[in-house]
Structure formats: C-alpha cells, structure tokens
There are 2 protein chains.
Amino acid sequence: MLSETDVDRLFQALADATRRDILRRAVTGEHSVSQLAAHYAMSFAAVQKHVAVLERASLVTKTRRGREQLVTTDPTALARARELLEQVEDLWRHRVAAIDDLLAEEATGAPGRTGHPQH
Amino acid sequence: MLSETDVDRLFQALADATRRDILRRAVTGEHSVSQLAAHYAMSFAAVQKHVAVLERASLVTKTRRGREQLVTTDPTALARARELLEQVEDLWRHRVAAIDDLLAEEATGAPGRTGHPQH
DNA sequence: CATTTCTACAACCATATGGTTGCACGTTAC
DNA sequence: GTAACGTGCAACCATATGGTTGTAGAAATG
C-alpha cells in the first residue's frame, strides 16, 4: 500500500515542469542522465537532482550501462497516481448525485424521493 | 488552456496530506474554514493557508455565507489533473506497444534488426 | 452598546527546494 | 598511462514552504 508520504512525494515530483518533461522523455525511451541534461538550460547537477526526486517518488529507476546511467519509467507509479485522482473524482460524483436527490425532493415537496426537477 | 505554472500549482496543491484531506471533505460537502480547521492539530491560520493553496490551484473556491466562508470544490480542475496523468500513461502504453513490435520482429527474424546481441 | 465568532493578514522562524560551483571517482577512448 | 566523459556528492545561496503568534475587521448574538 501507499503511505501518505509516498503520495506526497509522488505529487511533489510531478509539481515541476522540468521533472514532468524528464518523465515524458523517460516514458518514450531510455536516456542517460547527461543526455537528458543536454535539453535543459541548467547545470548537469540540477538535472541530476530532478532525476533523484523522480526516483525517490518511484516514478523512474536508474540502471547502469557502462559508464552511463539509464533513466527508465516505472509505469505502476503513474497508474497509482491516476487512481488516486479517480478516487477523489468519484467522491465528487457521489456528491453531485446527492445534490440531485435533494433538488428532486424540494421540487415535488415530497418527503421520500419522487419525481424529477424540471430543468 | 493550462499553462505549465498552472499544472505546477495543481500538483503542488495535491502534494500535502492535510490539503488532500481538506479536498476530500470539500468534495463531499460544504464546510467553513473554521469547521475544517477543527479537524487538524494545527492553528486556524495554517489551515487557512492550506485552503489558499488549494484555491490558487483552482481546486476549490470560497463563497461567503454570512460571517463564514464556505469551501467548495472545483470539479473541472480535478478532471484536468486526471487527464494529465492519463496523457503520460498513454505515452507509456505506446512505448510498450513499440517494444512489443520490436520483440515480434526479432522473434520472427524480420529484416529490421537481425539477430540477438547475446553479449 | 459589548461580546463572541469567523475571517484576513502580517511578521516571524525553521526547514525544504531549486539552483549553482567544485571536486572525486569509475569508465571509455587514445 | 593520459585524457575525456558520465556520474555522485558536498557546500553554498536565494527563495519557497509550512508552521507559529498576534492584531484587526466584519458579522451574529447578548
């Protein structure tokens, strides 16, 4: 299961444009850290830190190949993040349903739940 | 459309357990800021700040009712966040499909990439 | 009116974050 | 071996974040 701090790290990792871009690149193919760093107007060390944040959030993993480190994605973490948002969305849908029910009651003045609200 | 900083703010707002809890409560019903604050072991001002972060991310809106301020959810922002994650997930699925294709070619001895490098 | 409640906001503090530079180390190439 | 490359890590800096307390205003209540 995911602890709350795991979820913190997950969203925290996604809350930066550079990291999201790194993630997109890592998703579509394998890149070394230096290859990734070449795309951004910042130092190698800065990109290295961003990759570390993604790694701590279990969104990517690094595997050695010779002297370079390949950054690859962890698909399960992405799926879990989406599930979390879906949970919140489901809650909201239930709320909408409850409000619809209330409106229906008020429209007909009936105690139970009869009839539809017009418009 | 969403700017990159909008997305930053969105994920940033979700990267805190207290804020996620506030969001869940706001999704299931309307609460004033002080009602929300009663649930957490921190000062009213701290909760007020958390609500402000959610508001800046367009995840909730505040509406006055007398002397209290009701916190309500913005469902469209939640849906947009989920869509963003789905986009990344889709990218990954495409990558998996591409890898599957490569494996299929190799298995049949297709011309593109002949033979295995069994180092 | 005075009091209480809910809110807003400023000042402050500790820590986290995002960036930098510099240096050390393993690996590849010459 | 030497040089170049890719990486890891530490030190440092500016700013953002998450919390506190205190003060002040607007709205309900006596």
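Every chain is numbered from 1 and lettered A, B, ... according to where its sequence line falls, protein lines coming before strand lines.
- In this structure the side chain of B:Val71 reaches within 4.5 angstrom of the side chain of B:Leu36, judged on heavy atoms.
- Summarising the local packing, CZ of A:Arg65 is surrounded by 12 or fewer heavy atoms from other residues, nucleotides or ligands at distances under 6.0 Å.
- Listed pair B:Lys62 / C:dA8 meets the phosphate criterion, a side-chain N or O lying under 4.0 Å from OP1 or OP2.
- For the pair B:His50 and D:dG19, the criterion of a side-chain N or O lying under 4.0 Å from OP1 or OP2 is met.
- Across the interface with DNA chain C, nearest-nucleotide mapping of A:Gly66 and A:Thr18 shows A:Thr18 to be the residue nearer the 5′ end.
- Side-chain atoms of B:Gln48 lie closest to C:dA8 of the nucleotides C:dT5, C:dG19, C:dA8.
- Remark: A:Gln69 is in phosphate contact with D:dG8, judged by side-chain N or O atoms under 4.0 Å from OP1 or OP2.
- Atom OH of B:Tyr40 is separated from atom P of D:dG19 by 12 Å (rounded to the nearest Å).
- A sub-4.0 Å separation between OP1 or OP2 of C:dT27 and a side-chain N or O of A:Arg65 is absent.
- Residue B:Ser34 has its side chain nearest to C:dC6 when only C:dG18, D:dG19, C:dC6 are considered.
- An OP1 or OP2 oxygen of C:dT20 is reached within less than 4.0 angstrom by a side-chain nitrogen or oxygen of A:Ser43.
- Put simply, CZ on B:Arg64 is 12 Å from P on C:dC6, counting in whole angstrom units.
- Checked against D:dT20, D:dT17, D:dA28, the side chain of B:Ala45 finds its nearest nucleotide in D:dT20.
- Separation of atoms OG1 (A:Thr18) and CG (A:Leu54) is listed at 10.0 Å; rounding is to 0.5 Å.
- The side chain of A:Arg56 sits closest to C:dT17 out of D:dT7, C:dT17, D:dA28.
- Salt bridge status for A:Arg80 with A:Asp6: absent, with no side-chain N to carboxylate O gap under 4.0 Å.
- Positionally, the nearest nucleotide of DNA chain C for B:Ser32 lies more toward the 5' end than for the other of A:Asp16 and B:Ser32.
- For A:Lys49, whose side chain is taken as the heavy atoms from C-beta onward, the closest listed nucleotide among D:dC5, C:dG18, C:dT4 is C:dG18.
- The side chain of A:Glu68 sits closest to D:dT7 out of D:dG18, C:dC6, D:dT7.
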Candidate pair A:Gln35 and A:Arg25, rule side-chain contact (heavy atoms from CB on, under 4.5 Å), full reasoning:
CA-CA 10 Å; A:Gln35 280 174 332; A:Arg25 291 180 195 274; over 6 Å; no

